[in-house]
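Here it is, the structure, as structure tokens.
Labels below follow one simple rule: chain letters A, B, ... track the order of the sequence lines, proteins then strands, and each chain is numbered from 1.
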Amino acid sequence: MNQDSPTTRAPDPDSDSDQHQYAHRYTGALAQQIEARWQDWWDEHHTFETPNPSGPLADAERLGDRPKLFVLDMFPYPSGTGLHVGHPLGFIGTDVYSRFQRMAGYNVLYSMGFDAFGLPAEQFAVQTGQHPAITTAENVVNMRRQLRRIGLSHDPRRSIETTDPAYYRWTQWIFSQIFNAWYDTDTQRARPVADLVAQFEAESRPTPDGRPWSDLSSNERVRIIDGYRLVYISEAPVNWCPGLGTVVANEEVTADGRSDRGNFPVFKRNMRQWMMRITAYADRLIDDLDLLDWTDSIKAMQRNWIGRSEGARVRFASPAGPITVFTTRPDTLFGASFMVLAPEHPLVDTLTTPEQRQAVADYRRTASAKSDVARQVVDKTKTGVFTGSTATNPVNGEQIPVWVADYVLMGYGTGAIMAVPCGDERDFEFARQFGLQIPAIQQPPPAWFDGHSIGPSLDTRHWPQAFVGDAPYVNSTNGQLDLNGITNVAAATHQTNDWLVAHGQGEPTINYKLRDWLFSRQRYWGEPFPIVYDEHGNPHTLPDALLPLELPPTDDFAPRTFDPDDAQSNPESPLDRLDWWVDVELDLGDGPKRYRRDTNVMPQWAGSCWYELRYLDPTNEACFVDRDVEQYWMGPQGDGHPGGVDLYVGGVEHAVLHLLYARFWHKVLHDLGYVSSIEPYHRLFNQGYILAAAFKDEREIYVDAFGVEERDGQFFYEGTAVSREWGKMGKSLKNAVSPDEIYDAYGADTLRLYEMAMGPLDASRPWETRDVIGMYRFLQRVWRNLVDEESGTVRSDLPALDDATNRALHRTIDGVRRDMGDLKFNTAIAKLIELNNHLTKLGGCPRDIAEQMALMLSPLTPHIAEELWQLLGHTDSITYEPFPQADAALLIDDTILVPVQVDGKVRSRITVTADADDDAVRQAALADPKVIIALGNSSPRKVIVVPGRLVNIVT
RNA sequence: GCCCGAGUGGCGGAAUGGCAGACGCGACGGACUCAAAAUCCGUUGUCCGAAAGGGCGUGUGGGUUCGAAUCCCACCUCGGGCACCA
């Protein structure tokens with residue numbers, strides 16, 4: 001009977017008195033000693049400080065002529081609960097890679113900062129009652145300590161915290177640049193607002209109402225300019241989250257209409273809020289994905305989120321004036337037999353006839369009472385109401401009824417559609433529901449009818465659903481436009497678009513799902529807006545000299561939150577309460593005046609939109625990053641290369657949040673000439689998560705995973721059966737393993753090795769504490785193969801290097817070098833273990849190859865590698881030693897063992913010389929006794945020789 | 001429903017057109033020990049067989065190929081994203 005605990009605490013492998021006998025055995029205690037010593041040594045010797053080519057961090061001697069490499073982690077939130085072993089997975093990966101590339105000759109920039117503003121830190125502060133500045137500072141200190149213990153090779157001089165006024169001064173400055181920019185659709189880039197003003201003044205750009213610029217009042221001019229800015233205030237439907245007391249961005253609302261943070265209900269409400277014009281960049285954000293080395297899934301998520309669809313706007317004449325619709329299928333216009341407007345559509349009132357007024361009003365009331373969540377309910381039944389009016393189909397002049405239904409959304413397209421029931425499943429359902437006409441305009445292929453077990457017919461009363469696809473058009477001509485007989489959608493679309501444009505009835509257009517970025521938050525713990533309002537209520541950015549605008553200290557920092565379901569509540573900024581701060585007298589360049597400060601703070605994504613740029617030049621007081629320094633680290637490398645970070649590692653959860661926002665900011669900075677790269681992150685690698693078993697009792701409550709016992713495949717907690725599931729490690733699932741207990745038992749090098757050996761870096765994998773010991777044993781063997789466990793010095797009885805061992809070494813070097821460069825640390829480790837197992841059989845590590853062993857290990861397990869390096873007589877760090885190179889001559893063996901297949905099944909193996917020609921190999925294979933037996937009476941028809949790989953005899 | 005990804009021993013995984021299961025855990029056997037731990041040596045996909053050896057085997061079914069875990073088609077299952085988006 002198996003009494004094993006499935007989720008075990010780390011055992012103490014050195015429980016015995018054995019340690020007294022071997023004072024220098026590689027135990028957890030010794031490992032910790034070695035690790036602490038080397039971590040101090042690295043600090044004292046500034047080992048990981050990386051030189052810039054110019055500026056205060058320049059160091060020509062250290063820089064030499066090494067090429068650059070910028071390796072970046074998604075920086076963490078300094079949460080109050082500390083690290084568990086799942087957190088550092090990506091950090092260890094980037095550290096191994098950075099250390100390897102340093103040894104491969106690169107000047108590697110590798111640092112770490114803290115994303116310390118935002119809801120998590122603030123919620124923690126609210127819970128504990130301590131000011132977020134205090135808790136954040138404490139958490140950062142704690143996290144730095146925990147990360148240091150892993151032995152990460154960060155340049156400490158480049159570390160930043162987003163909450164540091166010296167940092168957010170530049171976050172505010174960048175905000176001001178974006179505020180003072182507009183998107184020039186002619187040149188497809190952002191430009192300073194001053195250029196726009198100049199265009200108006202020169203009258204090369206007409207004013208919205210055509211009046212000369214010089215005739216406008218200064219207030220009118222301000223309003224026009226503000227309408228162009230990349231940051232603007234708008235009164236629009238936003239996501240109001242009473243439970244958090246703030247509005248949040250679309251990207252922060254989950255699919256089921258709740259807040260990403262805190263999981264509170266979110267309501268759509270019209271509010272006056274700050275927006276960033278990310279939609280201006282929609283095309284570039286999609287198109288430039290092609291330049292990036294990202295996974296297909298993240299690219300797909302961004303494309304999907306931006307949601308570009310090409311189609312046409314078409315105008316239908318109606319008693320209330322033209323109704324404009326957006327459609328992706330203008331080719332189906334002849335099949336448009338009714339129209340549907342969203343309940344909120346502004347023309348509904350005018351279109352509704354007196355007889356229908358009551359019905360429409362009732363329907364609209366019901367629709368508005370439904371939240372977004374309720375509208376999405378899987379209730380597939382279509383609802384709707386007739387307005388009483390008709391509109392004119394522009395291609396055939398038919399009068400078609402106009403309906404109102406909530407399956408049409410005001411927030412997408414124009415909030416109105418032309419319904420083509422024969423070619424659109426939703427329209428088909430709606431038409432069936434309300435008995436509307438379904439004219440056929442395409443002749444579906446016979447297979448389609450067969451598939452639905454009906455005879456081919458254009459009588460749609462027999463059709464079970466709409467037909468979508470390429471098929472010959474029918475009933476689609478008006479004399480000028482004739483689609484009949486065309487067999488594909490693209491051609492028909494093209495002709496229809498031409499006709500629409502020629503007759504002024506519509507035009508091709510592109511529609512996006514992406515909305516502008518709601519940028520203001522009614523919370524405390526964030527960057528204050530560097531904005532003040534004048535007596536007319538017009539916003540102005542603070543001059544650079546007044547930055548940073550520091551977050552005012554207050555004990556009254558808790559945001560005003562509400563009953564999470566109280567949709568009618570209104571946001572109240574904590575900063576609003578600080579009258580002394582809000583009402584100020586300032587000189588913005590035209591003498592001292594009274595102003596009111598904006599009391600919003602920025603969303604938590606603001607600081608992470610540009611942090612990698614500050615790592616480059618952290619001490620620069622004159623600008624956020626020096627242009628030459630940015631060019632060196634992030635500049636494009638050749639034609640078609642967008643520039644950016646060489647390797648960015650982080651979780652997939654930021655696919656449409658941080659990764660979209662940061663690309664947007666970076667592109668604005670590029671347009672305004674501040675950075676040479678057009679993308680911030682050239683290569684993105686998504687590390688997996690460390691999963692751990694979690695156990696629920698029958699009440700669906702998680703129980704302490706470490707108290708669960710397994711008996712015959714069943715799980716029990718305090719005697720009662722519990723069910724197992726796998727989830728991200730964490731406090732809420734009561735299954736978090738602290739790195740401290742792994743350090744105590746085995747040391748940080750073993751933890752690093754285990755996390756890297758568990759599987760490929762991009763796969764999620766379950767944590768198994770009992771598996772960790774395998775990597776510990778490996779390091780122990782490495783140590784023992786070289787070090788005398790009694791004296792702690794290099795063994796005097798090491799075996800001599802033989803040819804087989806030397807060849808094994810070079811094969812290992814060759815494979816490990818390749819794997820490390822490909823981020824395949826798990827197989828690199830396997831190869832090192834194989835070599836070490838060979839050395840163990842040999843009786844130790846020959847002195848001649850000891851250095852190479854230490855060098856190959858050092859990216860993975862830097863502390864033990866430094867220690868071995870020192871024992872081998874070196875006085876400097878192993879960090880910048882060149883990684884071993886395989887001797888090509890030793891990779892080729894004199895003779896090779898070649899498997900011989902008969903009809904695809906391996907029947908024997910033959911030894912041939914490496915340079916044997918195909919014919920010799922063929923003869924040797926056919927002469928092999930086992931092959932002769934396997935062939936029996938049958939004679940070979942064909943013999944395939946794959947040089948160096950195998951022989952296959954076909955009978 | 002649409003899009004992306006993944007299915008290989010008891011477990012984590014390796015092999016991306018050429019010897020399936022590298023490496024690690026666990027399990028089993030042995031050496032050492034009074035004993036245990038640790039360590040070292042060996043076995044470990046499965047079925048038949050005393051053995052030699054052989055059959056079967058990478059979610060399922062088909063296909064391409066001398067040869068398929070790997071490529072193609074269809075399906076199943078799981079994970080992730082989007083979703084009444086016109």
Side-chain angles (χ1 to χ4, degrees), chain A residues 2 4 6 11-19 21-22 25 27 255 295-301 303-305 307 309 311 325-329 332 340 375-380 382 405-409 411-420 424-427 429-430 511-513 652-653 655-656 713 726 753-754 757-760 762-775 777-778 780-781 784 824 826-834 837 840-841 897-909 930 933 941-944 946 948-955:
Chain A
N2 186 354
D4 225 14
D12 183 353
D14 315 309
S15 53
D16 193 66
S17 55
D18 203 42
Q19 320 173 26
Q21 206 174 339
Y22 298 109
R25 169 159 289 184
T27 60
T295 61
D296 288 340
S297 84
I298 296 269
K299 287 187 183 183
M301 282 162 74
R303 283 199 189 95
N304 209 336
W305 189 262
S309 46
V325 303
F326 172 75
T327 176
T328 54
R329 294 288 305 276
T332 62
V340 185
R375 273 204 194 185
Q376 282 180 25
V377 165
V378 208
D379 182 14
K380 276 285 172 192
K382 294 276 184 294
D406 66 359
Y407 82 93
V408 174
L409 309 173
Y412 183 78
T414 62
I417 62 159
M418 62 178 212
V420 183
D424 181 281
E425 197 47 46
R426 292 153 310 192
D427 296 344
E429 278 175 34
F430 192 83
N511 198 45
Y512 303 89
K513 278 197 261 181
V652 72
E653 70 271 19
V656 291
W726 294 95
L753 206 52
Y754 172 64
M758 286 167 87
D762 53 359
S764 291
R765 52 320 258 297
W767 177 269
E768 287 288 357
T769 297
R770 74 176 177 194
D771 288 2
V772 178
I773 199 164
M775 294 302 115
R777 287 180 187 146
F778 164 56
Q780 223 168 30
R781 266 172 235 162
R784 194 181 302 120
K824 291 161 83 173
N826 53 332
T827 51
I829 292 167
K831 290 176 173 101
L832 287 166
I833 293 174
E834 253 177 301
N837 287 347
T840 304
K841 281 193 172 62
L897 194 63
V898 177
V900 182
Q901 297 181 338
V902 175
D903 291 330
K905 286 190 191 301
V906 177
R907 296 297 176 183
S908 183
R909 289 172 180 81
K930 283 182 184 165
I933 293 167
R941 275 198 304 127
K942 195 173 169 188
V943 180
I944 290 135
V946 185
R949 298 305 294 259
L950 61 51
V951 179
N952 190 14
I953 300 166
V954 187
T955 61

With a 3.5 angstrom cut-off on both distances, give the Watson-Crick or G-U wobble partner of B/G1, or none if there isn't one.
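Pair assignment: B/G1 / B/C82.
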Closest to side chain of A/L409, choosing from B/C41, B/C4, B/C84
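Of B/C41, B/C4, B/C84, B/C84 is nearest to the side chain of A/L409.
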Pairing check on B/G57: which nucleotide meets the Watson-Crick or G-U wobble criteria with it, both distances under 3.5 Å?
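Matched B/G57 with nothing under the 3.5 Å cut-off.
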Interatomic distance at P, B/U8 relative to B/G61, whole Å
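These two P atoms come out 16 Å apart once rounded.
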Spacing between A/N826 atom CG and B/C25 atom P, to the nearest angstrom:
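Going from CG in A/N826 over to P in B/C25 covers 16 Å.
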Is there a Watson-Crick or G-U wobble partner for B/U16 with both distances under 3.5 Å, and if so, which one is it?
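The answer is none; no pair meets the criterion.
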Counting only Watson-Crick or G-U wobble pairs whose two distances fall under 3.5 Å, which nucleotide matches B/G7?
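The base-pairing partner of B/G7, which may sit in any strand shown, is B/C76.
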With C1' as the reference atom in both, quote the distance from B/C47 to B/G42 in angstrom, rounded to an integer.
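That atom pair is separated by 24 Å.
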In whole Å, what is the span from the CD1 atom of A/I944 to the P atom of B/C66?
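To the nearest whole Å, that distance equals 7 Å.
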From CG of A/L950 over to C1' of B/U65, roughly how many Å is that when rounded to an integer?
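From A/L950 CG to B/U65 C1': 14 Å.
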Please answer whether the main-chain N or O of A/E768 pairs with a side-chain N or O of A/Y754 as donor and acceptor at a distance below 3.5 Å.
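Indeed, once roles are kept as given, a pair shorter than 3.5 Å links the two residues.
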For A/K513 and B/C84, is the shortest distance between a side-chain N/O and OP1 or OP2 below 4.0 Å?
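Checking B/C84 against A/K513, no side-chain N or O comes under 4.0 Å of OP1 or OP2.
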In whole angstrom, what separates A/Q901's CD from B/C66's P?
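In whole Å, B/C66 P and A/Q901 CD are 13 Å from each other.
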Between B/U39 atom P and A/F778 atom CZ, what is the distance in whole Å?
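Computing the A/F778:CZ to B/U39:P distance gives 15 Å.
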Heavy-atom donor-acceptor pair, A/N952 side chain to A/I944 backbone, under 3.5 Å
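No, the answer is negative, given that no donor and acceptor are paired below the 3.5 Å cut-off.
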Work out how far the P atom of B/G80 is from that of B/A15, and round it to whole angstrom.
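Comparing P positions in B/G80 and B/A15 gives a spacing of 25 Å.
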Could a donor-acceptor pair under 3.5 angstrom be found where the side chain of A/N304 meets the base of B/C82?
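Looking at the base of B/C82, it does not pair with any donor or acceptor on the side chain of A/N304 (distance under 3.5 Å).
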Gap separating the CG atom of A/N826 from the CZ atom of A/R765, nearest 0.5 angstrom:
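Taking CG in A/N826 and CZ in A/R765, the distance rounds to 8.0 Å.
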My understanding is that a pair needs two contacts under 3.5 Å, Watson-Crick or G-U wobble. By that rule, which nucleotide pairs with B/U39?
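Paired with B/U39, as far as the under-3.5 Å criterion goes, is B/A31.
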Using purine N1 to pyrimidine N3 plus N6-O4 or O6-N4 for Watson-Crick, or N1-O2 and O6-N3 for G-U wobble, both under 3.5 Å, which nucleotide pairs with B/G49?
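Pair assignment: B/G49 / none.
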Minimum-distance nucleotide (side-chain atoms of A/Y412 versus B/G81, B/G13, B/A86)
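When the side chain of A/Y412 is considered, B/A86 is the closest of B/G81, B/G13, B/A86.
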Distance-only donor-acceptor test (3.5 Å): side chain A/R909, base B/C19:
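Checked by distance alone, the answer is yes.
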Could you give the distance separating B/G67 and B/A6 at their C1' atoms, to the nearest angstrom?
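Roughly 26 Å separates the two C1' atoms.
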Does A/K382 make a cation-pi contact with A/F430 (under 6.0 Å, within 45 degrees of the axis)?
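Pair A/K382/A/F430 does not count as cation-pi.
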To the nearest Å, give me how far apart CG (A/L753) and P (B/C23) are.
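Whole-Å distance recorded here is 16 Å.
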Among B/C40, B/A14, B/A86, the nucleotide that comes nearest once only the side chain of A/R784 is considered
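Nearest listed nucleotide: B/C40.
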Nearest to side-chain heavy atoms of A/Q780, which nucleotide of B/A86, B/G18, B/U39
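Output: B/U39.
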Which whole number of Å gives the distance between the C1' atom of B/U70 and that of B/U58?
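Per the computed distance, 10 Å lies between those C1' atoms.
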Find the distance A/R949:CZ to B/A20:C1' and express it as a whole number of Å.
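Roughly 14 Å, once rounded to whole Å.
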Taking the side chain of A/K841 as its heavy atoms from C-beta onward, which of B/G12, B/C41, B/C66 lies nearest to it?
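Side chain of A/K841 sits closest to B/C41.
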Round to the nearest Å and state the distance from A/R777 atom CZ to B/A38 atom P.
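Nearest whole value for this atom pair: 7 Å.
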Hey, which sits more toward the 5' end of RNA chain B by its nearest nucleotide, A/V906 or A/Y754?
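Whichever sits nearer the 5' end wins; that is A/Y754.
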Give me the distance, rounded to whole Å, that separates B/G9 from B/C3 when you measure between the C1' atoms they each carry.
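These two C1' atoms come out 34 Å apart once rounded.
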Which nucleotide sits closest to the side chain of A/I773: B/G26, B/A22, B/G13?
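From the listed options, B/G26 comes nearest.
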Where A/D903 and A/V954 come nearest, the two heavy atoms and their spacing:
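Answer, listing the atom of A/D903 first, then A/V954: OD1-CA, 3.4 Å.
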Look only at the side chain of A/R784 and the backbone of A/T840, and say whether a donor-acceptor pair between them is shorter than 3.5 Å.
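No, the answer is negative, given that no donor and acceptor are paired below the 3.5 Å cut-off.
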How far does the C1' atom of B/C66 sit from the matching atom of B/A52, given to the nearest Å?
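It works out to 29 Å between them.
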Using a cut-off of strictly less than 4.0 Å, decide whether A/R770 has a side-chain nitrogen or oxygen near OP1 or OP2 of B/G24.
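Indeed not, no polar side-chain atom of A/R770 lies that close.
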Under 3.5 Å, is there an N or O donor on one side and an acceptor on the other linking the side chain of A/K382 and the base of B/C84?
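In this structure, the two groups form a donor-acceptor pair.
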Write down the partner of B/U64 under the Watson-Crick or G-U wobble criteria, each distance required to be under 3.5 Å.
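Answer to the pairing question: none, since B/U64 forms no Watson-Crick or G-U pair.
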Strand partner of B/U70, provided both Watson-Crick or wobble distances fall under 3.5 Å:
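B/U70 is paired with nothing.
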Kindly give the heavy-atom pair with the smallest separation between A/R909 and A/P899, and that separation in Å.
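The pair with the smallest heavy-atom distance is CG-CA, 4.0 Å.
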Pair A/R907, A/I953 - check side-chain contact (heavy atoms from CB on, under 4.5 Å), show working.
CA-CA 10 Å; A/R907 296 297 176 183; A/I953 300 166; over 6 Å; no
Nearest-angstrom distance, P atom, B/A14 to B/C71
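Result for the P pair: 15 Å, nearest Å.
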Nearest-nucleotide comparison on RNA chain B, the residue closer to the 5′ end among A/I298 and A/P899:
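The residue mapped nearer the 5' terminus is A/I298.
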Side chain of A/N837 - closest among B/A86, B/C66, B/G24
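Closest of the options to the side chain of A/N837: B/G24.
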